[in-house]
Amino acid sequence: MHIELTKEQMKEMLIAAMFYSWIRGGLADAKGEDFKEYERLQAYLLKAAKENGHSNMVEEFRGGLLPSDGLSGLVDSVIEEYDEDVFWHELVLRLGKRDFYRTVTPEENEEMRKKEWLPERVHELYEKYEKEFEDHGVERMTLETGN
């Protein structure tokens, strides 16, 4: 199979492969699984990039190929942006669901049992936290201690 990619498409393909490798590699490490298959895929894409005139995305190191510093930096910035987005998204969902379950009505409980999803009211709570974090970040969050 032969695939022709522009320089921009090749860069995006490598970023996608590296991002995927970062996620799958972390999961494989945590589970004690072999990660060689994904490393081979990334090596294949790096070789293809070099062979197709995109050597600025690739560096040779000890007989192998690695992503260039520029490409690695770009991937790091994508990962940071992703982590930031996931943090706020998860925080909003978890706090919204926590508050919802603390105040669930019998009618909502019945609705959840029938439909297997949360009633619309939960979105009001999500929006409350989204607005709070958009305006103030975590600055006004406190932990209450006691009984």
Side-chain angles (χ1 to χ4, degrees), residues 1-104 108 111-113 115-146:
M1 171 175 53
H2 178 75
I3 299 174
E4 289 189 35
L5 300 172
T6 66
K7 186 172 186 166
E8 188 62 28
Q9 289 170 326
M10 178 57 83
K11 181 180 83 174
E12 290 300 320
M13 180 69 75
L14 285 169
I15 290 170
M18 292 169 67
F19 191 69
Y20 177 76
S21 184
W22 171 73
I23 291 171
R24 286 296 300 227
L27 292 173
D29 283 347
K31 295 178 181 180
E33 296 174 349
D34 181 24
F35 190 65
K36 298 289 185 219
E37 180 79 21
Y38 308 106
E39 290 172 345
R40 282 192 290 274
L41 175 60
Q42 183 172 312
Y44 178 79
L45 290 171
L46 290 169
K47 181 180 175 191
K50 182 175 177 156
E51 289 174 354
N52 288 285
H54 307 299
S55 56
N56 65 322
M57 297 181 204
V58 180
E59 293 178 8
E60 291 187 39
F61 182 74
R62 296 186 182 176
L65 297 174
L66 295 174
S68 68
D69 287 343
L71 185 60
S72 292
L74 185 55
V75 170
D76 288 345
S77 69
V78 169
I79 289 170
E80 286 176 24
E81 189 177 336
Y82 173 80
D83 284 345
E84 182 79 5
D85 186 61
V86 167
F87 169 77
W88 292 112
H89 181 74
E90 283 295 316
L91 190 58
V92 164
L93 288 180
R94 290 175 189 219
L95 291 173
K97 285 179 182 178
R98 178 203 63 186
D99 291 357
F100 175 80
Y101 285 117
R102 286 180 176 174
T103 60
V104 68
E108 289 170 329
E111 182 180 343
M112 288 186 299
R113 191 183 62 74
K115 295 183 181 176
E116 297 182 10
W117 69 72
L118 298 178
E120 282 298 310
R121 185 172 64 84
V122 75
H123 294 284
E124 295 170 13
L125 297 166
Y126 295 157
E127 288 170 11
K128 176 184 93 171
Y129 282 111
E130 285 171 354
K131 174 97 173 91
E132 173 65 23
F133 298 141
E134 187 176 300
D135 292 349
H136 305 285
V138 295
E139 192 60 34
R140 298 189 333 179
M141 287 185 69
T142 60
L143 179 64
E144 294 179 11
T145 59

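The CG atom of L95 sits 11.5 Å away from atom CD of E130, with the distance rounded to the nearest 0.5 Å. If you take CG on L14 and CD on Q9, they are separated by 12.0 Å, rounding to the nearest 0.5 Å. Expressed to the nearest 0.5 Å, how far CZ of F61 lies from CG of L66 amounts to 6.5 Å. Atom CG in L93 sits 11.5 Å away from atom CG in L125 (nearest 0.5 Å). Within the model, atoms CG of L45 and CD1 of I15 stand 12.5 Å from one another, a figure rounded to the nearest 0.5 Å. With rounding to the nearest 0.5 Å, the separation of OH in Y82 from CD1 in I23 is 5.0 Å.
Few gaps surround CD on E90; more than 12 heavy atoms of other groups in view lie less than 6.0 Å from it. Annotation for E60: atom CD does not count as buried by contact number, only 12 or fewer foreign heavy atoms lying within 6.0 Å. Annotation: K128, atom NZ; neighbour count of heavy atoms from other residues, nucleotides and ligands within 6.0 Å is above 12.
Of all the heavy atoms in H54 and L5, the pair that sits closest is NE2-O, 4.3 Å. Contact detail for V58 and A49: the closest heavy-atom pair is CG2-CB, 3.9 Å. Scanning all heavy atoms of the two residues, the minimum distance from Q42 to A17 falls at OE1-O, 4.1 Å. The two atoms that bring R98 and Y129 nearest to each other are NH2-OH, 3.1 Å, heavy atoms only.
In this structure, Y126 and H123 have perpendicular ring planes: the angle between them is above 60°, well past the 30° mark.
Here the side chains of E59 and L65 are not in contact, with every heavy-atom distance at 4.5 Å or above. Between L71 and M18 there is a side-chain heavy-atom pair separated by less than 4.5 Å. The shortest distance between side-chain heavy atoms of W88 and V138 falls below 4.5 Å. Residues W22 and V75 have side chains not in contact (no heavy-atom distance under 4.5 Å, counting atoms from C-beta outward). A heavy-atom distance below 4.5 Å is found between the side chains of M141 and L91. Side-chain contact check for N56 versus S68: every heavy-atom pair is 4.5 Å or farther apart. Within the 4.5 Å cutoff, side-chain heavy atoms of K97 are placed close to those of Y101.
For E8 and K11, the salt-bridge test passes: some basic side-chain N is under 4.0 Å from an acidic carboxylate O.
Partner of M57 under the side chain to side chain contact (heavy atoms under 4.5 Å, CB included) criterion, out of M13, K50, K7: K7 alone.
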